[in-house]
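Just below is one structure, and these are the notes that go with it.
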Amino acid sequence: MGAGYACMNNLTVQQATQGFCAYLELVDPLVYNKGVVVGCDARHHSREFARITAAVFLAHNIPVYLFRDICATPHVPFTLTTKGCSAGVMVTASHNPKADNGYKVYWNNGSQIISPHDALIAHFIDLNQVPWEGVEATLCDRSPLCRDPVAEGLLDQYFQQTSARLCRMHSNMDPLLRPPVKFCYTAMHGVGFRFAKRMYEEFGLAKNMVPVAEQIEPNPEFPTVSYPNPEEHGALTLAMQRATEQDVNLIIANDPDADRVAVAERVDGQWHQFTGDEIGTLLAVWLWNKWRDAHRDADTSKVAFLNSAVSSKALRAVAQTEHCHYEETLTGFKWLGNRTDELTRLGYTVLFAYEEAIGYMPADLIRDKDGLTTGAVVVEMATWLANQHKTLAGYLQEARQRYGVFVPQNSYFLCYDPATIARIFARLRTAGPQGSYMNECAIDGRTFKATGIRDLMLPGYDSTTPDHKPRLPVSKGGEMITYTFENGATITLRTSGTEPKLKFYCEMCAPYPGNPREELATLVRAMVATFLEPEKNNLQPPH
């Protein structure tokens with residue numbers, strides 16, 4: 001946030017909304033009846049930006065469902081699809097640093113926008129730079145077209161429908177047969193606490209909720225964490241301290257807009273923070289088992305699991321073993337959400353979709369990740385396991401016995417120079433045999449050869465397809481190259497769309513009880529040394 005056209009401020013928010021509004025008026029004449037949804041998190045200026053956004057639509061006589069107070073990101077797509085609106089906007093920067101804010105756009109299917117809408121909206125923003133007349137934030141207070149989704153019961157419907165769809169342990173059961181497991185909850189200074197508490201109440205799990213008092217109230221300064229991302233090392237330190245003091249063995253952490261969730265468990269006195277892929281595997285197995293129990297005679301070929309191209313292939317193993325449908329998408333929940341919508345229209349039940357960056361969609365009520373719903377499902381899973389004297393870690397081991405041991409090693413380097421990033425990826429494409437892709441890396445006398453290379457940057461390349469064209473969409477907006485090696489390991493290198501990071505996602509599988517961790521670690525060291533050359537390129541490791 002800041003002054004100027006390169007930053008987010010009142011003017012650029014109004015300009016962006018004017019372009020979006022003009023595009024909607026062109027392609028969806030029913031927008032004047034269906035309206036749009038606008039929400040915001042608790043960051044600096046979020047309410048102000050949301051009111052400006054709403055005012056632009058109201059000035060053009062488009063109804064707006066405006067959350068008057070803060071909301072969680074999942075509330076916007078839920079309201080959108082429930083009310084049949086044309087589009088939605090959520091003002092949030094998710095788990096970014098405190099100086100940031102953002103503008104997330106949803107289409108009428110409840111998913112974040114993809115091509116061609118994204119490029120066309122950007123074009124219409126360019127055509128509508130001059131502020132429109134009559135756009136005043138006070139329209140939100142006096143226009144009869146501005147409606148309050150909370151007053152109309154949309155949040156009540158969200159909680160009720162979610163628990164009806166996903167709660168497996170009904171609240172009218174004898175509580176002695178299902179004492180809820182104690183768990184520690186942190187909202188990471190975001191919007192999550194009030195909504196998480198309501199969700200856990202709907203699931204019958206709230207009475208053993210132990211909040212991290214210092215972090216449950218919204219505070220845009222994020223005073224107790226250096227970075228408000230529950231994935232980051234040290235982000236759960238305060239929660240672990242509180243949980244240990246209260247003799248609690250489970251931690252649930254939402255990010256500031258409550259669309260993501262992190263999970264940690266204490267076993268034998270030691271805390272383990274599950275990776276995004278480990279949580280994904282736990283949820284997939286849990287949701288599958290409960291669905292199978294309720295649908296013994298159903299056709300499993302119409303049950304679908306989805307995850308992103310940089311997420312674990314353990315989900316593919318679950319789907320294949322259980323004779324279900326599996327697909328991978330490009331990175332980002334906009335792709336998972338839109339593909340869920342397409343598959344649903346084709347008659348599939350999308351049981352679960354996720355991305356490794358702790359984003360999960362445990363039902364198809366909305367076409368986006370939902371940290372509130374996921375947190376409740378995890379606590380219920382832990383409660384069910386505890387009643388059988390089991391743990392989440394033990395449940396994960398059971399899954400590995402059936403589906404294989406998938407060992408990840410994901411990390412990143414910081415790089416603040418776009419030219420350096422471009423040079424690294426250009427070398428990967430041209431420094432191999434005959435001026436083609438680099439296809440091997442080496443360290444300590446060991447050489448690892450790639451058997452497959454997929455490049456999703458325009459014009460795209462896939463060495464494993466007959467026409468050498470990738471089956472996933474290609475993009476000109478971000479780098480992404482995936483290597484498959486002779487030992488079965490996969491490594492994906494990609495740039496971040498929101499942060500100055502060069503990320504790498506590495507995974508190797510072995511039958512249970514094998515553990516390919518050492519082999520994978522050696523390969524990763526070889527990849528870093530050969531492909532990325534961090535010293536030469538001045539790449540900085542994580543803080």
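Numbering of residues begins at 1 and proceeds along the displayed sequence. As the structure is a computational prediction, the values presented were derived from the model and not from experiment. Atoms considered below: every heavy atom in the structure, side chains included; atoms not considered: hydrogens, waters and symmetry mates.
Atom CG of Asp297 has 12 or fewer heavy atoms from other residues, nucleotides or ligands within 6.0 Å. Taking a 6.0 Å sphere around CD of Glu518, one finds it holds 12 or fewer heavy atoms contributed by other residues, nucleotides or ligands. Crowding of Arg471 atom CZ: a count of heavy atoms from other residues, nucleotides or ligands under 6.0 Å exceeding 12. Taking a 6.0 Å sphere around NE2 of His233, one finds it holds 12 or fewer heavy atoms contributed by other residues, nucleotides or ligands. Counting non-hydrogen atoms of neighbouring residues, nucleotides and ligands closer than 6.0 angstrom, the CG atom of Asp293 exceeds 12 such neighbours. Counted within 6.0 Å of NZ on Lys98, heavy atoms from surrounding residues, nucleotides or ligands total 12 or fewer; the atom is thus considered open.
For Arg402 and Glu322, the salt-bridge test passes: some basic side-chain N is under 4.0 Å from an acidic carboxylate O. Between Glu440 and Arg446, no side-chain nitrogen of the basic residue sits less than 4.0 Å from a carboxylate oxygen of the acidic one, so the salt-bridge criterion is not met. Electrostatic pairing of Arg429 and Glu479 counts as a salt bridge here, judged by a charged N lying under 4.0 Å from a carboxylate O. The pair Glu356-Lys369 does not meet the salt-bridge criterion, since no charged nitrogen lies less than 4.0 angstrom from a carboxylate oxygen. Salt-bridge formation is detected for the pair Arg427/Glu533: a Lys NZ or Arg NE/NH1/NH2 atom is positioned less than 4.0 Å from an Asp or Glu carboxylate oxygen.
The one candidate from Asp370, Asp368, Asp255 that meets the salt bridge (charged side-chain N to carboxylate O under 4.0 Å, His left out) condition with Arg260 is Asp255.
Remark: side-chain polar atoms of Glu278 are paired, donor with acceptor, to backbone N or O of Thr275 under 3.5 angstrom. One N or O on the side chain of Asn387 and one on the backbone of Thr383 form a donor-acceptor pair closer than 3.5 Å. The closest donor-acceptor contact from the side chain of Glu535 to the backbone of Ala529 lies at 3.5 Å or more, if one exists at all. Although no hydrogens or angles enter the test, the distance criterion places a donor-acceptor pair under 3.5 Å between the side chain of His295 and the main chain of Trp291. Of the possible donor and acceptor atoms, one in the side chain of Thr465 sits under 3.5 Å from a partner among the backbone N and O of Lys469. Under the 3.5 Å distance criterion, the side-chain polar atoms of Tyr103 are left unmatched by any main-chain donor or acceptor of Met8. Checking side-chain atoms of Thr186 against main-chain N and O of Met188 turns up a donor-acceptor pair under 3.5 Å. Judged purely by atom type and a 3.5 angstrom limit, Gln112 has no side-chain atom pairing as donor or acceptor with the backbone of Tyr106. Checked by atom type and distance alone, the side chain of Asp341 never pairs as donor or acceptor with a backbone atom of Ser111 at under 3.5 Å. Judged by distance alone, the side chain of Thr530 and the main-chain N or O of Met527 form no donor-acceptor pair under 3.5 Å.
Side-chain rings of Tyr158 and Phe78 approach one another, their centers coming within less than 6.0 Å. Aromatic ring centroids of Phe183 and Tyr185 lie 6.0 Å or more apart.
If you check the side chains of Tyr395 and Asn289, you find a donor sitting under 3.5 Å from an acceptor. One side chain, Thr92 or Asp41, offers a donor N or O that lies under 3.5 Å from an acceptor on the other. Residues Asp299 and Ser301 bring a donor and an acceptor atom of their side chains to less than 3.5 Å of each other. With hydrogens and angles left out, the side-chain atoms of Glu507 and Ser312 include a donor and acceptor closer than 3.5 Å. For the residue pair Glu355/Ser311, the side-chain donor-acceptor check at 3.5 Å is not satisfied. Neither side chain, Tyr483 nor Asn439, offers a donor N or O lying under 3.5 Å from an acceptor on the other.
Annotation: cation-pi pair Lys503/Tyr412 absent, no NZ/CZ under 6.0 Å from the ring centroid and within 45° of its normal. A cation-pi contact links Lys290 to Trp384, judged by a cut-off of 6.0 Å to the six-membered ring centre and 45° from its axis.
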**Study point:** Verdict with supporting geometry, Asp100 and Arg43, salt bridge (Lys or Arg N to Asp or Glu O under 4.0 Å)
**Key:** CA-CA 8 Å; Asp100 292 350; Arg43 286 176 175 268; over 6 Å; no
Review point. Would Asn487 and Glu519 count as a side-chain hydrogen bond (donor to acceptor under 3.5 Å, both in side chains) if you check the C-alpha gap in whole Å, the side-chain angles of each, and the deciding distance to 0.1 Å?
Key: CA-CA 9 Å; Asn487 60 8; Glu519 171 80 355; 3.1 Å; yes
Review point. Would Thr224 and His189 satisfy side-chain hydrogen bond (donor to acceptor under 3.5 Å, both in side chains), going step by step from the backbone distance to the final call?
Key: CA-CA 8 Å; Thr224 68; His189 297 295; 2.6 Å; yes
